[in-house]
2 protein chains.
Amino acid sequence: MALDADSIARSFAERGLRLTRQRRAVVDAVAAAGASLSALQVFDAARERCPELGLTTVYRTLEVLSEIGAVRRVHGPDHCEAFVPAGAVHGHTVVCSSCGRATEFTQCDMHAVVDAAARQTGYEITEHFLQLSGICAACNAAAGAPGPSGKGAG
Amino acid sequence: MALDADSIARSFAERGLRLTRQRRAVVDAVAAAGASLSALQVFDAARERCPELGLTTVYRTLEVLSEIGAVRRVHGPDHCEAFVPAGAVHGHTVVCSSCGRATEFTQCDMHAVVDAAARQTGYEITEHFLQLSGICAACNAAAGAPGPSGKGAG
DNA sequence: CTGCCTACTGAAAACGGTTTTCAGTTTCAG
DNA sequence: CTGAAACTGAAAACCGTTTTCAGTAGGCAG
Ligand SMILES: [Mn+2]
Ligand SMILES: [Mn+2]
Ligand SMILES: [Zn+2]
Ligand SMILES: [Zn+2]
């Protein structure tokens with residue numbers, strides 16, 4: 001289930017849920033963000049579109065979006081951190097350790113790794129959770145040349 | 001840094017930390033567990049060896065063990081969940097979705113996957129967080145048909 | 001031994017993100 | 001219109017974790 005308006009609307013309808021103005025604001029805020037967002041950041045962003053929105057509704061909506069696969073959670077090494085839009089049924093997230101930008105990737109042929117792990121541990125492996133981090137193209141370019149430094153986190 | 005008594009003792013000493021009875025109880029509890037343990041579960045297990053142990057000390061000790069790489073955090077799809085002993089400098093965890101047993105694996109040749117992700121996203125990838133789940137050998141055996149002939153593994 | 005310094009401790013309080021409760025409000029079918 | 005069900009935000013409750021604090025343990029110099 002992707003994070004486009006139509007799919008969302010359909011998923012909500014299927015569950016007997018209404019796609020209210022508040023919920024739309026949350027969806028739009030997550031979709032518009034290029035980076036992963038905490039619940040509070042979603043709240044702040046969404047309130048610019050819908051000032052009377054409450055934090056409670058943000059949590060409730062993110063929960064639904066997570067259930068229908070429209071957003072994915074990002075885990076840091078220490079904490080459960082944030083949400084990112086999920087565009088593909090099976091996809092993973094690369095997070096830029098410099099600026100926080102999050103991008104989805106879908107080319108994850110894990111057969112070799114999964115086979116090796118199965119052989120080593122004796123488990124029958126059914127799922128993989130993979131999350132990469134690195135430097136995004138923009139940050140990489142900025143690091144090599146002087147110029148208008150964007151938003152940096154570091 | 002592995003989770004054996006000597007390495008732990010050395011790492012603690014290097015940091016000017018004392019390896020007290022309470023801390024030893026925490027280390028032993030994590031090391032003895034075959035599954036991932038939450039802080040509270042560590043507390044319960046460790047108190048059998050050291051009844052006057054406090055929860056505060058468990059958190060403080062797990063923090064140190066995490067810093068020196070003797071334990072690793074396990075993330076669930078929704079939550080940051082638990083701690084597992086870490087035996088290798090670079091290793092990952094397979095968690096049994098049936099019994100919770102956690103096993104470490106080290107054969108994670110991610111070159112192909114990382115290259116594909118880099119090509120797809122334009123990121124320069126520097127780290128990977130990978131966590132597998134599936135069914136451990138014991139659970140697989142128990143779930144299979146009681147007869148010796150009809151065992152289906154996948 | 002004594003005294004001193006620092007690491008360490010658990011109980012209790014504080015903290016902070018999340019969930020629940022509650023008393024309305026909105027939406028929609030009939 | 002009426003009534004049912006979904007939905008809402010504010011406030012309270014919740015709960016795992018961290019901080020505070022007053023005291024304890026242990027190594028070491030004298
Ligand atoms: Mn994948
Ligand atoms: Mn690896
Ligand atoms: Zn970046
Ligand atoms: Zn199992």
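- Below 30°, between 30° and 60°, or above 60°: for Phe105(B) and His92(B) the angle between ring planes is between 30° and 60°, a tilted geometry.
- Regarding Gln22(B), its CD atom lies at a distance of 10 Å from the C1' atom of dT24(D), rounded to whole Å.
- Two residues are said to be in side-chain contact when any heavy atoms from C-beta on lie closer than 4.5 Å; His128(A) and Cys108(A) meet this criterion.
- In this structure, Phe43(B) atom CZ and dT9(C) atom P are separated by 13 Å, rounded to whole Å.
- Side-chain contact between Glu14(B) and Ile68(B) is absent, with no heavy-atom pair separated by less than 4.5 Å.
- Distance CG (Leu19(B)) to P (dC8(C)): 10 Å, rounded to an integer number of Å.
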Could you list the protein-to-nucleotides 16-22 of chain D atom pairs, N/O on both sides, closer than 3.5 Å?
| residue | atom | partner | partner atom | Å |
| --- | --- | --- | --- | --- |
| dT17(D) | OP2 | Tyr59(B) | OH | 2.1 |
| dT17(D) | O5' | Tyr59(B) | OH | 3.1 |

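- Side-chain contact check for Val74(B) versus Gln131(B): some heavy-atom pair is nearer than 4.5 Å.
- A 4.5 Å side-chain heavy-atom check between Tyr123(B) and Leu132(A) finds every atom pair outside the cut-off.
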Check nucleotides 26-29 of chain C against the protein and report each pair of N or O atoms closer than 3.5 Å, with its distance, or say if there are none.
| residue | atom | partner | partner atom | Å |
| --- | --- | --- | --- | --- |
| dT27(C) | O2 | Arg18(A) | NH2 | 3.3 |

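- At whole-Å resolution of the value, CG in Leu37(A) and C1' in dG17(C) are 16 Å apart.
- Counting only heavy atoms from C-beta outward, the side chains of Phe43(A) and Arg47(A) approach each other to under 4.5 Å.
- Ala35(A) approaches Gly100(A) most closely through the heavy-atom pair CB-O, 3.2 Å.
- Here the side chains of Glu67(B) and Arg15(B) are in contact, with some heavy-atom distance below 4.5 Å.
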